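Structure, as structure tokens:
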Amino acid sequence: MSTTSSLASKRIESLLDESSFVEIGALVTARATDFNLKQTETPSDGVVTGYGVIDGNLVYVYSQDASVLNGSVGEMHAKKIANLYDLAMKTGAPVIGLIDSAGLRLQEAADALNAFGEIYMKQTLASGVIPQITAIFGSCGGGLAIMPTLTDFTFMEETKAKLFVNSPNALDGNNISKCDSSSADFQSKEAGMVDVVADEATIFAKIRELVTMLPGNNEDDASYEECTDDLNRVCADLANCVGDTSIALSTIADNSIFFELKENYAKEMVTGFIKLNGVTVGCVANRTEVYSAEGEVTDKFDAVLTAKGCEKAADFVNFCDAFNIPVLSLTNVKGYEATVCSEKKIAKAVAKLTYAFANATVPKVNVIIGKAYGSAYVAMNSKAIGADITICWPDAEIGSMDATLAAKIMYEGQGADVIKEKAAEYAALQTSATGAAKRGYVDQIIEAADTRKYVIGAFEMLFTKREDRPSKKHGTV
């Protein structure tokens with residue numbers, strides 16, 4: 001076994017519990033003979049496949065071997081991956097792909113092209129049935145780049161990994177020194193394709209952490225663990241976390257653990273997983289500030305929905321709904337991003353987010369922590385589109401718009417004193433948490449510090465929730 005070949009196996013060993021990996025199809029080699037391929041050894045046809053466990057959870061893994069024809073995908077290479085998917089679907093366990101490949105095996109031409117299609121088909125059938133995770137350690141280009149985007153979560157090594165459909169130098173007016181569109185930095189910050197960017201060792205640790213948070217399949221109720229945290233723990237400083245909701249979610253989570261996804265993309269919208277009383281919960285939250293580990297503000301955003309943020313959140317909610325993971329939202333939004341670029345796609349993106357929340361039948365809890373204005377609030381898991389429980393902090397503002405702005409519109413030209421007086425009346429009647437609660441739009445008004453225990457209580461009450469939807473093949477939004 002060559003050094004690089006052992007690297008493919010070593011990656012699997014680094015990922016799985018010690019000595020748990022069982023290889024399948026180790027003797028498979030290429031059948032093609034064109035272009036002198038017969039004279040080239042293709043051990044395992046360039047991909048190591050098999051199964052093992054992560055913290056006791058069954059998983060299926062394939063790891064591409066860059067020492068065999070650069071890890072290129074040919075007929076038998078694809079059949080091994082397809083076979084792995086068949087086993088995973090039969091047994092209801094996740095598939096994890098470790099990518100390091102030059103892409104299509106040119107020597108096999110049409111056979112290799114068909115092989116790509118076979119993998120795509122298996123991934124499509126598995127979508128929403130078993131979790132699919134991809135980690136990219138080397139090259140992942142051309143048609144191969146479709147594979148991670150057909151999976152649920154993508155990890156990317158921070159320096160050596162490359163992800164692209166067209167190479168940077170093939171893009172009009174671009175070269176790799178000007179903009180490396182294949183880099184982890186570009187794919188995570190600009191394209192939003194990548195959930196986690198890190199070094200190899202950290203990627204293995206993060207995949208292990210993610211697997212322990214996810215169910216094995218869409219009918220599995222085993223994503224629970226014994227909670228060692230105080231269920232009634234008071235979060236004294238939570239009210240100070242309105243800006244950076246990733247910190248707020250960490251604060252209320254069991255043992256303060258928050259697994260954030262796509263943290264480099266659309267930072268004004270936070271998505272990720274926490275555990276509450278040992279149960280995995282998917283979280284979506286508006287964010288107006290980002291704090292560094294040193295406690296300094298590194299980014300600031302308006303409290304608005306953006307197209308990128310909506311799409312990021314909608315995809316995440318769809319995943320949670322497919323795998324019966326409850327959804328918690330923290331809402332602080334006053335409207336929509338107002339730019340010419342945003343206007344091209346904001347309506348469609350908000351429609352996707354609205355549809356995702358409204359279509360999801362899992363338990364849904366919304367906590368309004370700041371502003372909740374207009375149809376932007378309606379789209380953020382409001383009671384109107386199906387939130388089961390809506391909770392408010394005392395200073396939350398809920399209504400069609402800011403009270404002062406509403407007064408200026410309704411009493412235009414009547415002087416500053418009148419507008420000030422009417423704004424105060426409007427705030428008390430139309431934008432206060434109490435006013436919304438009186439109309440039944442809010443179920444509970446609580447102190448911010450008590451959020452953890454109330455949210456846990458709400459999800460426990462909703463544990464046996466059942467909700468039907470009109471019979472149809474699928475929606476079209």
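Hydrogens, waters and symmetry mates play no part in the numbers below; they use all other heavy atoms, side chains included. Not measured: the values here are computed from a predicted model.
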One pair to check against side chain to side chain contact (heavy atoms under 4.5 Å, CB included): S375 and Y336. What are the steps and the verdict?
CA-CA 9 Å; S375 56; Y336 307 113; 2.5 Å; yes

Per side-chain contact (heavy atoms from CB on, under 4.5 Å), T245 is matched among V270, T288, V284 by V270

Got a second to check how far [X]'s [atom1] is from [Y]'s [atom2], nearest 0.5 Å?
X	Y	atom1	atom2	result
I136	T154	CD1	OG1	6.0 Å
Y355	N318	OH	CG	8.5 Å
N232	I456	CG	CD1	7.5 Å
I81	D86	CD1	CG	12.5 Å
Q444	T451	CD	OG1	10.5 Å
L150	I119	CG	CD1	10.5 Å

For the student: nearest non-hydrogen atoms of [X] and [Y], plus distance:
X	Y	answer
I445	A437	CD1-CB, 4.1 Å
L276	A253	CD2-CA, 4.3 Å
V333	N286	CB-OD1, 3.8 Å
I99	C140	CG2-CB, 3.7 Å
R452	C227	NH2-SG, 4.1 Å
K80	G25	NZ-O, 3.0 Å

Do NZ/NE/NH1/NH2 and the carboxylate oxygens of [X] and [Y] come within less than 4.0 Å?
X	Y	value
K162	D180	yes
E200	R11	yes
E209	K206	yes
K383	D443	yes
D17	R208	yes
D315	K262	no
D199	K160	no

For a side chain to side chain contact (heavy atoms under 4.5 Å, CB included) check, start with the C-alpha distance between I368 and Y377, then their side-chain angles and the critical distance, and finish with the verdict.
CA-CA 9 Å; I368 302 172; Y377 157 58; 3.7 Å; yes

Between [X] and [Y] (side chain of the first, backbone of the second, donor and acceptor by atom type, cut-off under 3.5 Å), is there such a pair?
X	Y	answer
T339	S342	yes
K371	A303	no
D244	Y291	yes
N324	V362	no
D195	L261	no
S63	A8	yes
Y85	Q123	no

Counting heavy atoms not belonging to [X], are there more than 12 under 6.0 Å from its [atom1]?
X	atom1	answer
E343	CD	no
E460	CD	yes
M121	CE	no
K465	NZ	yes
Y51	OH	no
Y441	OH	no

Side chain to side chain contact (heavy atoms under 4.5 Å, CB included) for V95 and Y62? Distances and angles first, verdict last.
CA-CA 8 Å; V95 172; Y62 66 87; 4.1 Å; yes

With the side chain counted from C-beta on, respond yes when [X] and [Y] share a heavy-atom pair under 4.5 Å apart, and no when they do not.
X	Y	value
L249	L328	yes
D185	V197	no
T354	V378	no
R287	S246	yes
N83	T49	no
I133	V211	yes
V365	V327	no
M380	L353	yes

Aromatic ring proximity F186/F164, centre distance under 6.0 Å:
no

For N366, which of T331, N381, D388, T390 qualifies under side chain to side chain donor-acceptor pair (under 3.5 Å)?
T331

Option from E268, E337, E311, K267 for which side chain to side chain donor-acceptor pair (under 3.5 Å) with T306 holds
E268

Could you tell me whether the side chains of Q132 and T134 share a donor-acceptor contact shorter than 3.5 Å?
no

Regarding T91 and Y60, is there a side-chain donor-to-acceptor distance under 3.5 Å anywhere?
yes

Check the pair F463, V279 against side chain to side chain contact (heavy atoms under 4.5 Å, CB included), reporting the backbone distance first and the verdict last.
CA-CA 10 Å; F463 182 74; V279 179; 5.6 Å; no

By ring-ring contact (aromatic ring centres under 6.0 Å, His included) - contacts of F273 (at least two apart)
F316

Apply side chain to side chain donor-acceptor pair (under 3.5 Å) to E157 and T159, showing your working.
CA-CA 6 Å; E157 196 277 332; T159 57; 2.9 Å; yes

Please state whether the rings of F155 and F259 are parallel, tilted or perpendicular, taking 30° and 60° as the class boundaries.
perpendicular

